[in-house]
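Chain naming here is simple, since letters A, B, ... match the order of the sequence lines and numbering starts at 1 in each. Any value given below was found using the heavy atoms of this structure, including those in side chains, with hydrogens, waters and symmetry copies removed.
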Protein chains: 2
Amino acid sequence: MELTLAVSRLSALAHEGRLSVFRLLVQAGVLGLAAGEIARRLEVLPNTLSANLNVLAHAGLIRSRRQGRSIIYTANFDHMRDLLGFLVEDCCGGSPEICSPLAEVLRAACCAPQA
Amino acid sequence: MELTLAVSRLSALAHEGRLSVFRLLVQAGVLGLAAGEIARRLEVLPNTLSANLNVLAHAGLIRSRRQGRSIIYTANFDHMRDLLGFLVEDCCGGSPEICSPLAEVLRAACCAPQA
DNA sequence: TCCATATTTCCATGCTACTGGAAATATACG
DNA sequence: CGTATATTTCCAGTAGCATGGAAATATGGA
């Protein structure tokens, strides 16, 4: 991943409203949520939400699809993964005792199998 | 982790100069790098670097220690781990097939053992 | 003590992003 | 076709952040 792309994604997330939206969509998984539903849950103005969704979408962190009158938003997990990978690229300078717990956190916070 | 804390850390990273510094320190591992060495490698003005280091330190992403005339900066891997964990918290809505590759990326990009 | 190195602080300018109200667009339904 | 719902676009005022020059502080060595 390119540096500027990572910056634009981090910038998109570096905002209380947008980070809340993104985490909500991450938790919602593949089904996603309609814009109105997000606005209701987070209690934000629809125009503010729209702007924030636009920033997240432009950064490639979320996708949208129309469904009737609603527009459903979902997290883009592939791009999220790339971003996390970029942050830890070539990390630790050869100290696996630092790096291992870094990998462990995803297994813990995530619904990934307990393998 | 609190939302506002995560935002402040993401904000600190959402900047080309600071992200470059942070990744450099992540790669440097526990030994860290002196401010001057960072400035030399990234070719930035010392005052600009100082401001950026200050932002990263204030966000808890890096630590500093004096060593002679130099000040050595190191990444704060614990806080980095917390941030990554916050982003993926309760993720995927019960879809391990999405979450597993998310965890996998750390094993791949990182020096963690191939266990 | 004097000087060189290392890093930080101060400061002024310009730019970019956030906010919320109001209007506009798009879809669905009777 | 007219109305209700869902979402977006437009706009203007405000505030916070980045930048780079110059000076200040701190440590080490002669």
Engineer: Between R18(A) and L13(A), is there a donor-acceptor pair closer than 3.5 Å when you use the side chain of the first and the backbone of the second?
Structural biologist: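 Checked: no pair found.
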Engineer: For R41(B), enumerate each residue passing the salt bridge (Lys or Arg N to Asp or Glu O under 4.0 Å) test, keeping only those at least two apart in sequence or located in another chain.
Structural biologist: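 If we apply the salt bridge (Lys or Arg N to Asp or Glu O under 4.0 Å) test to R41(B), skipping adjacent residues, the hits are E37(B).
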Engineer: Would you say L87(A) ends up clustered with L5(A) if hydrophobic residues are merged whenever their side chains have heavy atoms under 4.5 Å apart, either directly or through other cluster members?
Structural biologist: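 Yes, because L5(A) and L87(A) connect within a single hydrophobic cluster, where side-chain heavy atoms sit under 4.5 Å apart.
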Engineer: Tell me which residues in residues 28-50 of chain B put a heavy atom below 4.0 Å from DNA chain C, sorted by number, or none.
Structural biologist: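 Those residues whose heavy atoms fall under 4.0 Å from DNA chain C, taken from residues 28-50 of chain B in numerical order, are A34(B), A35(B), G36(B), P46(B), N47(B), S50(B).
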Engineer: CG of N54(A) versus P of dT19(C): gap in Å, rounded?
Structural biologist: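 Value for this atom pair: 15 Å.
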Engineer: Transitively linked via ILVMFWY side-chain contacts under 4.5 Å: V7(B) with F86(B)?
Structural biologist: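 Linked within one cluster.
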Engineer: Whether Y73(B) contacts dT8(C) is assessed here as follows: a side-chain N or O lying under 4.0 Å from the phosphate OP1 or OP2. Is that the case?
Structural biologist: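 Yes, such a contact exists.
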Engineer: Taking S64(A) as the fixed residue, which of N54(A), I71(A), L56(A), T74(A) is the one that meets the side-chain contact (heavy atoms from CB on, under 4.5 Å) rule?
Structural biologist: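 Among N54(A), I71(A), L56(A), T74(A), the one meeting side-chain contact (heavy atoms from CB on, under 4.5 Å) with S64(A) is I71(A).
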Engineer: Hey, is the main chain of L83(A) close enough, under 3.5 Å, to the side chain of R81(A) for a donor-acceptor pair?
Structural biologist: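 No, R81(A) side chain to L83(A) backbone: no donor-acceptor pair under 3.5 Å.
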Engineer: Where along residues 58-71 of chain B does a heavy atom fall under 4.0 Å from DNA chain C?
Structural biologist: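 The answer is R69(B), S70(B), I71(B).
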Engineer: Among residues 3-16 of chain B, which ones have heavy-atom contacts with DNA chain D below 4.0 Å?
Structural biologist: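 Listed by number, they are H15(B).
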Engineer: So does E16(A) get a backbone contact from the side chain of S20(A), meaning a donor-acceptor N/O pair under 3.5 Å?
Structural biologist: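 Side chain of S20(A) to backbone of E16(A), a donor-acceptor pair under 3.5 Å: yes, one is there.
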Engineer: Please tabulate, one pair per line, each protein N/O and nucleotide N/O from nucleotides 11-16 of chain C that are separated by under 3.5 Å, including the distance.
Structural biologist:
none

Engineer: Can you give me the closest heavy-atom contact between L61(A) and F22(A), atom names plus distance?
Structural biologist: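 Nearest pair, atom of L61(A) first, then F22(A): O-CE1, 3.5 Å.
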Engineer: Mind checking side chain to side chain donor-acceptor pair (under 3.5 Å) for N76(B) and listing every partner two or more places apart, or none if nothing turns up?
Structural biologist: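 N76(B): side chain to side chain donor-acceptor pair (under 3.5 Å) contacts with H79(B).
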Engineer: How many whole angstroms separate atom CD1 of I72(B) from atom P of dA26(D)?
Structural biologist: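 Distance check: I72(B) CD1 to dA26(D) P gives 19 Å.
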Engineer: Under a 4.5 Å side-chain heavy-atom rule over Ile, Leu, Val, Met, Phe, Trp and Tyr, are L19(A) and L33(A) clustered together?
Structural biologist: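 Both belong to a single hydrophobic cluster.
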Engineer: Are M1(A) and V88(A) joined in one hydrophobic group, where the rule is that I, L, V, M, F, W and Y side chains link up if heavy atoms are under 4.5 Å apart?
Structural biologist: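 They do share one cluster, since a chain of ILVMFWY contacts under 4.5 Å joins M1(A) to V88(A).
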Engineer: Between R9(B) (side chain only) and S11(B) (backbone N and O only), is there a donor and an acceptor less than 3.5 Å apart?
Structural biologist: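 No; zero donor-acceptor contacts below 3.5 Å.
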Engineer: Atom CG in L3(A), atom NE2 in H15(B): separation rounded to 0.5 Å?
Structural biologist: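 If we round to the nearest 0.5 Å, L3(A):CG and H15(B):NE2 are 10.5 Å apart.
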